[in-house]
Engineer: 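Quick one: the structure is below, questions incoming.
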Amino acid sequence: QVQLVESGGGSVQAGGSLRLSCVAYGYTYTTYCMGWFRQVPGKEREGVASIYTGNGRTYYADSVKGRFTISQDNAKNTVDLQMNSLKSEDTAMYYCAASFSTYCYNHWREAYTQSYWGQGTQVTVSS
């Protein structure tokens, strides 16, 4: 079992920055991907960024490339998401996710490839 605990959400004006952090507890040794998803009411959960825990490769949704940075600290079992130049359309509930399947390698954007989820942290960007 793995428990994911997020922190760092909040409210910020457009153009500002926030940093989300996710700590993984439990049996994390076979995690292949960790990442961040977001969801707004009435829409599907969408992949924002992912990191392959083995080699550190990172992937981003086109909408956040150049603005968001995902990073990991394997010693602390944490995955962070630095969000800069925030826009109102970034407003959403953000979820940390971890996958124990290599299927996440080419399908990281898809929520069904994830094995565990955090409880979510709200990010609100006002224009």
Engineer: Any ring pair (Phe, Tyr, Trp, His ring centres under 6.0 Å) pairs touching residues 64-101, not counting sequence neighbours?
Structural biologist: Phe100-Tyr116
Engineer: Given 3.5 Å as the limit, does a donor-acceptor pair link the side chain of Thr91 with the main chain of Val125, or not?
Structural biologist: yes
Engineer: With sequence neighbours left out, what residues match Glu110 under salt bridge (charged side-chain N to carboxylate O under 4.0 Å, His left out)?
Structural biologist: none
Engineer: Could you note down all residue pairs passing disulfide (SG to SG under 2.5 Å) where residues 26-91 supplies at least one of them, sequence neighbours left out?
Structural biologist: Cys33-Cys104
Engineer: In Å, rounded to the nearest 0.5 Å, how long is the span from OG of Ser126 to CG of Leu86?
Structural biologist: 10.5 Å
Engineer: Going by atom type alone, with no hydrogens or angles, which donor-acceptor pairs under 3.5 Å involve a side-chain atom of residues 7-22 and a protein atom two or more places apart or on another chain?
Structural biologist:
unit_1, atom_1, unit_2, atom_2, d
Ser17, OG, Asn84, OD1, 2.9
Arg19, NE, Asp80, OD2, 3.4
Arg19, NH1, Gln82, OE1, 2.9
Arg19, NH2, Asp80, OD2, 3.2
Ser21, OG, Asp80, OD1, 2.9

Engineer: Roughly how far, to the nearest 0.5 Å, is CE of Met93 from CD of Gln119?
Structural biologist: 9.0 Å
Engineer: Compile the donor-acceptor pairs under 3.5 Å between side chains in residues 70-79 and protein atoms, sequence neighbours left out, one pair per line.
Structural biologist:
unit_1, atom_1, unit_2, atom_2, d
Gln72, NE2, Thr53, O, 3.4
Asp73, OD1, Ala75, N, 3.1
Asp73, OD1, Lys76, N, 3.2

Engineer: Among the clusters formed by ILVMFWY side chains lying less than 4.5 Å apart, do Phe37 and Ile51 turn up in the same one?
Structural biologist: no
Engineer: Could you list the residues that satisfy side-chain hydrogen bond (donor to acceptor under 3.5 Å, both in side chains) with Arg67, not counting sequence neighbours?
Structural biologist: Asp90
Engineer: Quick one: list whatever passes side-chain hydrogen bond (donor to acceptor under 3.5 Å, both in side chains) with Asn106, sequence neighbours left out.
Structural biologist: none
Engineer: Is there a side chain to side chain contact (heavy atoms under 4.5 Å, CB included) between Cys96 and Trp36? Walk through the geometry before answering.
Structural biologist: CA-CA 5 Å; Cys96 178; Trp36 291 89; 4.0 Å; yes
Engineer: List in chain and number order the residues that pass side-chain hydrogen bond (donor to acceptor under 3.5 Å, both in side chains) with Lys65, two or more places apart in sequence or in another chain; answer none if no residue qualifies.
Structural biologist: Asp62
Engineer: Which residues pass the side chain to side chain contact (heavy atoms under 4.5 Å, CB included) test with Tyr103, not counting sequence neighbours?
Structural biologist: Ser101, His107, Tyr112, Thr113
Engineer: Which other residues belong to the hydrophobic cluster containing Val23, where Ile, Leu, Val, Met, Phe, Trp and Tyr are joined when side-chain heavy atoms lie under 4.5 Å apart, directly or via other members?
Structural biologist: Val5, Tyr25
Engineer: By the salt bridge (charged side-chain N to carboxylate O under 4.0 Å, His left out) test, which pairs, at least two apart or in different chains, include something from residues 115-127?
Structural biologist: none
Engineer: Could you give the distance from CG (Leu81) to OG1 (Thr121), rounded to the nearest 0.5 Å?
Structural biologist: 11.0 Å
Engineer: Taking only residues at least two apart or on different chains, which pairs with a member in residues 39-57 satisfy salt bridge (charged side-chain N to carboxylate O under 4.0 Å, His left out)?
Structural biologist: Arg38-Glu46
Engineer: Met34 and Met83: same hydrophobic cluster, using ILVMFWY side-chain contacts below 4.5 Å?
Structural biologist: yes
Engineer: Kindly work out whether a path of hydrophobic side-chain contacts (I/L/V/M/F/W/Y, heavy atoms less than 4.5 Å apart) joins Val48 to Tyr59.
Structural biologist: no
